[in-house]
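To keep things clear, I will list the structure first and then write my remarks on it.
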Number of protein chains: 2
Amino acid sequence: MKWDTLDEEPCSLSRTVAVVGDRWTLLILRECFLRVRRFEAFQSSLQITRHLLSERLKKLVRFGILRRVPYSEAPKRYEYILTQKGLDLYPIIMAMVHWGDTHMGDERGRPLLHEHKTCGKLFDPVMVCSECGEALNAKQVHVHAGPGRKEAVG
Amino acid sequence: MKWDTLDEEPCSLSRTVAVVGDRWTLLILRECFLRVRRFEAFQSSLQITRHLLSERLKKLVRFGILRRVPYSEAPKRYEYILTQKGLDLYPIIMAMVHWGDTHMGDERGRPLLHEHKTCGKLFDPVMVCSECGEALNAKQVHVHAGPGRKEAVG
DNA sequence: CAGGTAAGTTCCTTTTTCAGACTTACGACG
DNA sequence: CGTCGTAAGTCTGAAAAAGGAACTTACCTG
């Protein structure tokens with residue numbers, strides 16, 4: 001597998017995996033959604049080596065998931081802020097949190113609770129069909145090759 | 001970071017990342033949802049080294065995501081089948097596919113289309129609030145420490 | 001001018017991953 | 001009977017990635 005061109009495969013999962021498919025990137029994104037923005041803050045909360053953090057942040061900026069925004073001119077200091085493309089990763093993160101809550105919990109209970117400001121309640125994320133609104137499950141879905149696959153396969 | 005105990009962190013995202021947080025595991029799971037079940041089939045469709053495939057499958061079995069089921073007694077042959085815990089990863093995979101469709105597409109169009117057998121239509125997965133049914137977005141969610149976090153932090 | 005802070009970079013060691021050959025156990029072919 | 005083919009792995013040496021810790025730059029504070 002050539003990881004450097006994974007984002008051009010005719011498969012949307014591969015393309016997503018190319019961007020967020022490693023441990024550190026996912027943990028960095030968790031911090032982003034918890035409003036962490038600065039290099040030192042990421043480093044101290046994750047205990048990631050500065051080298052890797054620097055590299056991963058660059059990659060996320062390169063893919064348009066974070067923006068590097070100056071917050072001080074002298075000395076030059078930057079913070080990393082989620083773009084819309086980055087904010088759109090929220091369902092992935094929430095799906096992972098929900099799976100962890102459901103299947104990897106221990107006797108201590110959930111680490112975090114999520115409140116939906118709009119309705120005021122504690123909630124779980126549920127994935128539904130855009131057409132009929134019903135909850136989705138793997139066995140009710142049939143997959144067809146789309147135009148992007150047919151062209152790639154020939 | 002000690003990756004070997006990541007699944008015990010007081011964070012559901014970390015625990016999920018401990019299980020599915022690497023490139024190969026996610027691609028293997030994609031194949032599982034496309035009904036691939038056998039060692040040789042995974043190997044030839046992914047071009048993963050046999051060594052890594054063997055290791056990743058063992059790990060998925062160990063975490064209860066796949067079951068190793070014999071399909072031939074002599075010679076002994078096995079296939080790998082998603083458990084319910086594994087099937088429950090579907091929202092994560094679909095969320096990743098959807099993000100890839102939305103943000104990593106090219107002029108060729110979508111690689112795959114998904115049909116909801118229940119309603120018969122092509123759909124996108126949408127993540128909604130379990131309480132009010134509204135589509136979720138990061139800015140409308142407030143996070144509270146839950147019991148599992150409070151106990152861990154002290 | 002010594003000490004502190006933020007955001008990196010550099011260097012060296014350890015761990016993972018990769019590519020490909022080897023193994024085991026069977027069935028079919030000639 | 002010996003050889004080929006297949007499925008599901010294991011083993012090995014080389015290459016790539018990750019880890020740990022010190023170093024750098026540019027400013028600010030007492």
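Sequence lines set the chain letters: A, B, ... in the order given, protein chains first and strands last, and positions in each chain run from 1.
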Checklist entry - Pick the nucleotide of DNA chain D nearest each of B:R68 and A:T49; which residue has the one closer to the 5' end? => result B:R68
Item to check | Closest-nucleotide ordering on DNA chain D, the 5'-leading residue of A:D22 and A:K76 | outcome: A:D22
Item to check | Rounded distance in Å - CD (A:E79) to P (C:dG8) | outcome: 12 Å
Checklist entry - So does B:W24 get a side-chain nitrogen or oxygen closer than 4.0 Å to the phosphate oxygens (OP1/OP2) of C:dT16? => result no
Item to check | Hydrophobic cluster membership, B:V128 vs B:I93, 4.5 Å side-chain cutoff | outcome: no
Next on the checklist: Does D:dT10 have its OP1 or OP2 closer than 4.0 Å to a side-chain nitrogen or oxygen of B:S54?
Outcome noted: yes
Next on the checklist: Please report the distance, rounded to the nearest Å, between NE2 in B:H51 and C1' in C:dT16.
Outcome noted: 9 Å
Checklist entry - Does one side chain, of A:R37 or A:Y80, offer a donor that lies under 3.5 Å from an acceptor on the other? => result no
Next on the checklist: Could you tell me how far apart B:I48 (CD1) and C:dT17 (P) are, to the nearest whole angstrom?
Outcome noted: 9 Å
Item to check | Euclidean distance, atom CD of residue B:E40 to atom C1' of C:dT23 [Å, nearest integer] | outcome: 13 Å
Next on the checklist: Strictly below 4.0 Å: does B:K58 bring a side-chain N or O up to OP1 or OP2 of D:dT10?
Outcome noted: yes
Checklist entry - Rounded to the nearest 0.5 Å, how far apart are CD of A:E31 and CZ of A:R38? => result 15.0 Å
Next on the checklist: Without decimals, in angstroms, what is the distance between A:W3 CH2 and D:dA16 C1'?
Outcome noted: 13 Å
Checklist entry - Counting any heavy atom closer than 4.0 Å, what does B:R56 reach on the DNA or RNA strands: base, sugar-phosphate only, or nothing? => result sugar-phosphate
Checklist entry - Quick one: do the A:T118 and A:H116 side chains pair a donor with an acceptor below 3.5 Å? => result yes
Next on the checklist: Under a 3.5 Å distance rule, please check whether A:W99 uses its side chain to pair with a backbone N or O of B:K85 as donor and acceptor.
Outcome noted: yes
Checklist entry - How would you label the contact of A:Y71 with the nucleic acid (heavy atoms, under 4.0 Å): base, sugar-phosphate, or nothing? => result sugar-phosphate
Item to check | For atom CD of B:E55 and atom P of D:dA8, their distance in whole Å | outcome: 19 Å
Checklist outcome for this item: B:E73 atom CD is separated from C:dG27 atom C1', nearest whole Å, by 16 Å
Checklist entry - Contact class for B:Y80 vs. all strands (heavy atom < 4.0 Å): base, sugar-phosphate, or nothing? => result sugar-phosphate
Checklist entry - D:dA18, D:dC27, D:dG9: which one has an atom nearest the side-chain heavy atoms of A:A74? => result D:dC27
Next on the checklist: For C:dA7, does the base pair up with any side-chain atom of A:R77 as donor and acceptor (N or O, under 3.5 Å, distance only)?
Outcome noted: no
Next on the checklist: In whole Å, I'd like the distance from the CG atom of B:D4 to the P atom of C:dT15.
Outcome noted: 12 Å
Next on the checklist: For C:dA7, does the base pair up with any side-chain atom of A:R50 as donor and acceptor (N or O, under 3.5 Å, distance only)?
Outcome noted: yes
